[in-house]
**Q** 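Following this message is one structure expressed as structure tokens.
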Amino acid sequence: MAGNNKRVIVVGGGLAGLAASIRVAEGGVPVDLFSMVPVKRSHSVCAQGGINACNEVARQQGYSEYQHFDETLYGGDYLADQGPVLEMANWAPRIIDLLDRMGVPFNRTSEGFRDLRLFGGSLFKRTHFAGATTGQQLLYGLDEQTRRFASEGKINKREFWEFLWPIIDGEGEDRRCVGIVAQDMRTMQIQAFRADAVVMATGGCGIVFGKSTNSVICTGGAASRCYQAGAWYGNGEMIQVHPTAIPGADKCRLMSESARGEGGRVWVPRKKGDTRDPTSIAENERWYFLEEKYPKYGNLVPRDIATREIFDVCVNEHMGIGGENMVYLDLTHMDPHYLTEKLGGILEIYEKFAGADPRFTPMKIFPAVHYSMGGLWTTYTPGDYQPESPAGIHNPGDESPASTAVGQGMEFGAHNNMMTNIRGLYAFGEVNFAYHGATRLGANALLSCIFDGLFNGVSVTNYVLDGVAEDQGAATVSAAVFDHAVEQEQAKQAQLLATVSDSGSTDPQFNPYTIAGELGVEMTAASTVVKTGPRLEQCLEKIKELRERYSQVKLGDAAAWTNQSLSFTRALGDMLIMGEVIAKGGLLREESRGSHYRLDFPDRDDDRFLKASVAEYNATSGESTIMWKDVQTALVKPKPRTYGKVEEKEPAREEAVAASGS
Amino acid sequence: MSNTATNGQPSSAAPVPTRTVTFRIKRCDGPGQPTRWEDFKVPVVPSSNVISCLNWIAEHPVTASGQQTTPVVWDCSCLEEVCGACTMVINGKARQSCSCLIDQEAPREGDVITLEPMSKFPVVRDLWVDRQRLFKGLEKIKAWVPIDGTYNLGAGPKEEPDDQQMRYTLSTCMSCGCCLEACPQYHKEEQEADWENAFVGAAVLSQARLFNAHPNGKVLEGERLDALLGVGGVNDCGNAQNCVKVCPKEIPLTESIAAIGRAATVHAIGRFFRGK
């Protein structure tokens with residue numbers, strides 16, 4: 001297979017990017033791996049709780065890959081195409097095995113098997129974990145293998161390089177991606193790189209919301225650049241707000257769902273404005289509102305539900321701790337030694353950043369923007385598993401309607417798996433919109449990232465080796481195409497640098513950091529837990545104003561060496577466009593589904609909106625238009641998503657509660 | 001509705017600052033450039049940390065004496081003390097700037113916080129240093145488990161919980177470089193060519209122990225110890241024990257060094273008798 005001039009570029013060195021790099025390199029195609037940070041410092045390190053997969057214990061209790069698949073769809077309110085989700089769930093146990101072989105220190109039972117914990121959206125223990133820094137440990141496992149491939153010359157790591165633009169050759173149907181323009185963040189050198197396929201694995205866009213649980217590199221800039229170059233963006237409005245985060249001055253730090261998975265309870269004092277020390281508040285004076293409202297799932301309802309309930313308790317009922325927007329997440333009833341072993345990493349974070357020990361003091365938390373289910377739109381080739389009719393309601397413990405041997409949800413190795421609408425341009429991991437629908441279940445993100453890399457990495461290899469004719473490889477494309485792309489980026493940079501004046505600019509109107517701050521506050525206020533049409537329209541007006549101000553932005557640093565302000569300011573322009581896509585999708589989706597909750601359209605509307613919103617950018621007008629594409633639901637029939645909530649009085653909901661067996 | 005419409009956001013963007021803190025920051029425009037100190041007066045709130053203050057300076061790049069300047073350049077990513085990027089020397093001590101809370105570091109009015117780049121690595125600009133040598137060290141000791149490929153070959157070896165806990169602790173090393181900054185035996189090397197023979201430092205030695213402790217990672221133990229028996233290896237450790245005191249993840253680095261030292265000695269004797 002080797003011995004040709006084909007190359008693949010992977011942009012992003014988190015779980016998806018590293019898994020893809022390893023898989024493609026193993027297939028015999030050399031990889032250039034670009035990352036803004038040393039790959040070991042990618043945002044995947046922040047994932048805490050774990051990674052889901054069916055396992056022998058759960059299987060013998062009646063769980064199956066099929067049920068993992070069903071839970072993922074149900075959690076995502078059926079907005080994901082079902083084939084790829086089925087395939088991901090089917091592959092999950094193999095992925096755990098592989099990571100295990102790589103030496104990831106998964107927690108162990110006394111007999112030496114991999115330990116499991118309970119996580120949101122499931123009644124079975126199916127979450128594997130390594131302390132409370134599972135993402136870090138998985139990333140290190142892949143980082144180590146990448147280092148091995150790099151030492152053998154099969155992966156060429158370019159760290160501290162920023163992706164600037166995809167290079168697209170041809171017109172219309174013939175359009176294909178043949179490389180990228182990137183910049184060395186230290187020397188500021190801008191350069192074009194050829195590749196027969198480019199894999200975007202650049203993560204989410206939390207920084208568009210200002211303070212989120214995301215790393216500072218998660219601006220969504222890279223995805224936005226692909227979008228502006230013609231790639232479609234799917235379900236942008238689907239942004240997950242994590243129920244439990246520690247609000248901070250610079251960011252909101254995640255407090256993992258595993259805290260609840262291990263027994264953590266969410267409560268507020270029953271008495272409004274109670275300012276007593278929480279440990280002195282008696283059990284019957286506490287309101288465990290999640291357990292009360294959702295007796296079946298309790299504290300482990302999916303994230304959007306927990307978030308809305310916490311939000312409702314604080315913002316609408318003014319029942320937050322001491323009248324503030326905070327609730328207790330309480331672990332103090334548990335054995336401190338057990339907590340240290342299972343949750344040490346996150347308890348340490350709370351202790352360091354909030355200054356109190358959660359083993360003995362209930363934590364104060366509030367929801368924060370966490371994950372982008374939306375992302376670059378991708379396609380795939382369906383597999384051979386096609387039931388005669390979609391399965392109905394599949395309850396926990398039911399026998400699987402399909403064993404894992406029935407067939408594939410997505411065809412292994414098909415060239416177009418997770419390819420964007422631009423040939424040769426792929427999107428893997430969080431930047432891919434494919435797997436999580438309208439809400440992602442806890443501990444499914446690590447899975448989808450690694451699954452994309454391993455399963456669809458083979459598609460990339462196949463496409464490059466068989467789908468690109470030898471005489472049409474990127475190496476044969478005219479140098480003018482690449483030179484032109486570099487010149488465009490140089491011009492963009494020159495324009496920004498020309499705005500620097502000696503006297504500096506303290507005018508907040510045109511200060512990039514001020515504009516970014518305003519964007520974050522506006523996006524969080526208008527487009528997170530609760531949305532309304534008028535508020536989103538106002539948000540779009542605000543973004544328009546910010547874009548106008550951005551067009552006159554004043555950069556504060558003219559340096560030709562390691563100019564971070566330039567990098568940030570350039571990304572800000574891309575973030576503004578991303579914000580517009582998110583708000584516009586939210587405005588046009590006149591229903592409530594998963595994380596997307598419209599106060600003015602509180603019900604799910606399958607007739608109109610069991611569809612992906614797909615944004616397309618008009619490079620001439622700078623406007624985004626939204627198309628609606630059908631979601632493939634051939635395997636499981638969508639059912640109402642209630643998680644057995646009690647006290648609902650509408651007939652439709654009651655029926656659903658009865659049907660889901662509670 | 002009024003409250004709902006802001007999604008729980010306070011009406012103004014941020015809490016009102018309660019006081020100001022002075023930052024003294026050592027700045028440098030690039031390799032080979034002169035260094036200078038700049039002072040900034042930064043308003044802080046109870047949850048402020050060094051990162052939020054550097055962000056504030058980026059938005060208001062004016063020194064305490066009213067001089068217009070450029071935003072400070074520094075390396076950071078996760079801000080949760082788990083990626084290792086934002087390490088710098090704060091009031092003389094190497095640590096992550098994200099977990100440095102202002103109310104703890106500078107509790108009194110008039111307190112000064114001094115920020116400097118780590119001194120053991122080449123400065124890229126301002127507080128950003130180049131730590132590639134650390135990652136090169138991991139390559140030198142083959143810090144990986146040599147798996148047979150990514151195909152589906154079943155689970156890894158079973159493991160006792162105690163062994164897992166030991167490996168997990170070692171595996172939380174985020175390559176931040178605090179242990180190297182504190183080490184009297186670890187010296188700055190500007191040129192990549194000189195890295196090969198310079199001391200690898202505690203972080204890398206501890207990773208060698210991590211992979212030697214894995215049932216399959218052990219396959220490369222001999223090669224790792226060979227690499228660490230040479231110049232720049234475990235014998236360069238001067239036993240100052242500073243490393244273990246500054247490690248933000250409380251990794252037992254001195255135990256790791258001792259373990260590698262013993263293994264290397266045994267390996268060297270074995271090598272002597274094997275004649276290679």
**Q** Under 4.5 Å from any heavy atom of chain B, what part of A:L254 do you find: side chain, backbone, both or neither?
**A** both
**Q** Partners of B:W144 by ring pair (Phe, Tyr, Trp, His ring centres under 6.0 Å), sequence neighbours excluded?
**A** none
**Q** Quick one: salt bridge (charged side-chain N to carboxylate O under 4.0 Å, His left out) pairs with a partner in residues 63-76 of chain B, sequence neighbours left out?
**A**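 Listed once each, the pairs are B:D75-B:R131.
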**Q** Can you say whether A:S527 sits under 4.5 Å from chain B via the side chain, the backbone, both, or neither, judging by heavy atoms?
**A** backbone
**Q** Can you tell me which portion of A:V241 sits under 4.5 Å from chain B's heavy atoms? Options are side chain, backbone, both or neither.
**A** neither
**Q** For each of B:S99, B:A143, B:P146, B:S77, tally heavy-atom pairs with chain A at distances under 4.5 Å, and name the one with the top tally.
**A** B:S77
**Q** Considering only heavy atoms, which portion of A:S151 lies under 4.5 Å from any heavy atom of chain B: side chain, backbone, both, or neither?
**A**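 Its backbone and side chain both get close to chain B.
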**Q** Considering only heavy atoms, which portion of A:Y140 lies under 4.5 Å from any heavy atom of chain B: side chain, backbone, both, or neither?
**A**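 Contact with chain B is through the side chain of A:Y140 alone.
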**Q** Which atoms of A:N107 come close to chain B, meaning under 4.5 Å heavy atom to heavy atom: side chain ones, backbone ones, both, or neither?
**A**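 Its backbone and side chain both get close to chain B.
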**Q** Between B:L79, B:V145, B:N152, which shows the greatest number of heavy-atom pairs under 4.5 Å with chain A?
**A**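 Among B:L79, B:V145, B:N152, the one with the most close pairs to chain A is B:L79.
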**Q** In terms of heavy-atom proximity below 4.5 Å to chain B, should A:E518 be classed as side chain, backbone, both, or neither?
**A** neither
**Q** Heavy-atom cut-off 4.5 Å, strictly under: side chain, backbone, both or neither for A:E159 against chain B?
**A** side chain
**Q** Under 4.5 Å, counting heavy-atom pairs only, tell me which of B:S48, B:P215, B:A85 racks up the most with chain A.
**A**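 Winner by heavy-atom pair count: B:A85.
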**Q** If I measure from the heavy atoms of chain A, does B:F135 come under 4.5 Å with its side chain, its backbone, both, or neither?
**A** both
**Q** Would you kindly check if the NZ (Lys) or CZ (Arg) of A:R253 is within the cone defined by 45 degrees around the ring axis of A:F366 and under 6.0 Å from the six-membered ring centre?
**A**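 Cation-pi check for A:R253 and A:F366: fails.
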**Q** Between B:W128 and A:F160, does the ring centroid distance fall short of 6.0 Å?
**A**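 When the ring centroids of B:W128 and A:F160 are compared, they turn out to be within the sub-6.0 Å range.
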**Q** Checking A:E324 against chain B: side chain, backbone, both or neither under 4.5 Å from a heavy atom?
**A** neither
**Q** For chain A, find which of B:D148, B:D126, B:N55, B:T172 contributes the most heavy-atom pairs closer than 4.5 angstrom.
**A**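 Top count of heavy-atom pairs under 4.5 Å with chain A: B:T172.
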